[in-house]
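Proteins get letters first, then strands, A, B, ... in listed order; numbering begins at 1 in each. Note that this is a predicted model, so its numbers are computed, not measured.
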There are 2 protein chains.
Amino acid sequence: MSAQKKHFENHLSYVLAAAHRSISKSLSDRLRKHGIKIEAWRVMECLDAGERLTMGQLADRALVNPPTLSKLVDRMVLDGLVHRRVADEDHRQINLLLTSLGRMRMIQIREDVDAEDQNLAALLDETSIDLLRKALAKLS
Amino acid sequence: MSAQKKHFENHLSYVLAAAHRSISKSLSDRLRKHGIKIEAWRVMECLDAGERLTMGQLADRALVNPPTLSKLVDRMVLDGLVHRRVADEDHRQINLLLTSLGRMRMIQIREDVDAEDQNLAALLDETSIDLLRKALAKLS
DNA sequence: TGAAACTAGTTTCCAAGTCAAATAAATTGA
DNA sequence: TCAATTTATTTGACTTGGAAACTAGTTTCA
């Protein structure tokens with residue numbers, strides 16, 4: 001058994017939380033000037049990705065709980081970024097759609113997110129990043 | 001340039017958030033029966049690790065903001081898990097100490113956390129975990 | 001059919017988090 | 001020495017997030 005493990009800081013949940021904390025902090029600092037939160041950016045990217053999404057699917061992909069998404073979307077509607085439409089097939093479902101303002105703003109925001117990603121990529125080599133991505137994917 | 005990157009789900013910030021979300025969910029589900037949150041567990045482990053810590057140092061290591069820590073500690077004091085003591089050298093500082101109840105409870109909780117870690121470890125091989133730990137550490 | 005069971009999304013309510021200001025102790029330097 | 005500044009922590013007003021309850025639409029099957 002590999003040594004270590006005396007220190008609780010070796011727990012995967014700890015290093016993961018630490019990395020997540022630091023990365024979301026710098027990303028959300030950068031998004032602050034757009035007046036938007038990381039989750040809202042994720043919602044917009046999800047919507048832009050093509051298929052029509054219901055609130056439920058969106059909650060899964062944007063990594064937020066349904067009640068939180070509901071409230072987030074309220075604000076985004078108010079800001080004119082998205083709009084709700086009752087789904088044709090199943091009237092309980094809501095399809096969320098990006099407005100053209102939403103798409104425009106998303107593209108601007110994406111520039112900043114990509115820039116932030118460059119910073120991040122500088123900390124690790126290409127292959128580590130790939131390994132990291134794959135390892136993390138297995139944990140989700 | 002490696003293909004991919006069409007999908008925003010490849011952003012490191014996304015995979016990291018997804019993994020963090022899923023892992024903290026299962027861990028906090030498990031801690032629920034102890035009536036404790038992940039952050040409180042981290043605080044207790046920090047305190048148990050030996051050196052006397054001030055609120056500031058604790059906030060850093062337990063990955064919570066100072067005001068949040070202050071309030072979390074209020075509750076933990078109420079629950080009899082820790083107690084505050086004004087530091088001798090600098091009277092602005094507070095040293096937080098585990099009570100013996102706190103230590104006892106921490107040891108019980110640690111069993112569950114370790115069990116959860118076993119589950120996690122089963123998803124990845126030993127070397128991936130090491131790589132992951134190292135890569136994440138660079139990001140923090 | 002149509003009542004019962006189920007599902008999607010929203011709302012409510014409360015616990016917990018944030019930001020900025022307040023407090024209090026330590027340090028600086030005129 | 002003591003006012004001004006800096007630092008550590010807490011407080012207070014406000015916001016956010018989550019669990020559970022609620023509403024409304026859909027499916028099941030007797």
Output side-chain donor-acceptor pairs under 3.5 Å for residues 16-24 of chain B, partner residues at least two apart or in another chain, one line each.
residue : atom : partner : partner atom : Å
H20(B)  : ND1  : H20(A)  : ND1          : 3.2
R21(B)  : NH1  : L63(A)  : O            : 3.2
R21(B)  : NH2  : N65(A)  : OD1          : 3.3
S22(B)  : OG   : L139(A) : O            : 2.9
S24(B)  : OG   : H20(B)  : O            : 2.3

Handout entry: Neighbour count above 12 (heavy atom, 6.0 Å) for R84(B) CZ
Key = yes
Handout entry: Residues, nucleotides or ligands: over 12 heavy atoms within 6.0 Å of K25(A) NZ
Key = no
Side chain of [X], heavy atoms from C-beta onward: which of [options] has the nearest atom to it?
X      : options                   : result
Q93(A) : dA8(C), dT10(C), dT9(D)   : dA8(C)
P67(B) : dA25(C), dT9(D), dA20(C)  : dA20(C)
D74(A) : dT11(C), dT10(D), dT10(C) : dT11(C)
T68(A) : dA8(C), dA8(D), dG17(D)   : dG17(D)

Exercise for the section: State whether R84(A) places a side-chain N or O below 4.0 Å from either non-bridging phosphate oxygen (OP1 or OP2) of dT10(C). Expected result: yes
Handout entry: Phosphate OP1/OP2 of dT9(D): any T54(B) side-chain N/O under 4.0 Å
Key = yes
Problem - Test: D48(A) and R110(A) ion pair at under 4.0 Å - result: yes
Handout entry: Under-4.0 Å salt bridge between K71(A) and D74(A)
Key = no
Rounded distance (Å) that lies between atom [atom2] of [N] and atom [atom1] of [X]:
X      : N       : atom1 : atom2 : value
H91(A) : dT10(C) : NE2   : C1'   : 18 Å
R75(B) : dT10(D) : CZ    : P     : 13 Å
K25(A) : dT18(C) : NZ    : C1'   : 12 Å
I36(B) : dA15(C) : CD1   : P     : 18 Å
L72(B) : dT10(D) : CG    : P     : 11 Å
N65(A) : dT11(C) : CG    : P     : 17 Å
D88(B) : dA25(C) : CG    : P     : 15 Å
D90(B) : dT6(D)  : CG    : P     : 17 Å

Practice task
Between E89(A) and V64(A), name the one whose nearest nucleotide on DNA chain D is closer to the 5' end.
Solution key: V64(A)
Completion exercise
Residue pair K37(B)/R32(A) against DNA chain C: nearer the 5' end by closest nucleotide is K37(B)
Exercise for the section: Would you state whether a donor and an acceptor, one from the side chain of K71(B) and one from the base of dG12(D), lie under 3.5 Å apart? Expected result: yes
Exercise for the section: Answer yes or no: side-chain N or O of R92(B) and base N or O of dT9(D) forming a donor-acceptor pair under 3.5 Å. Expected result: no
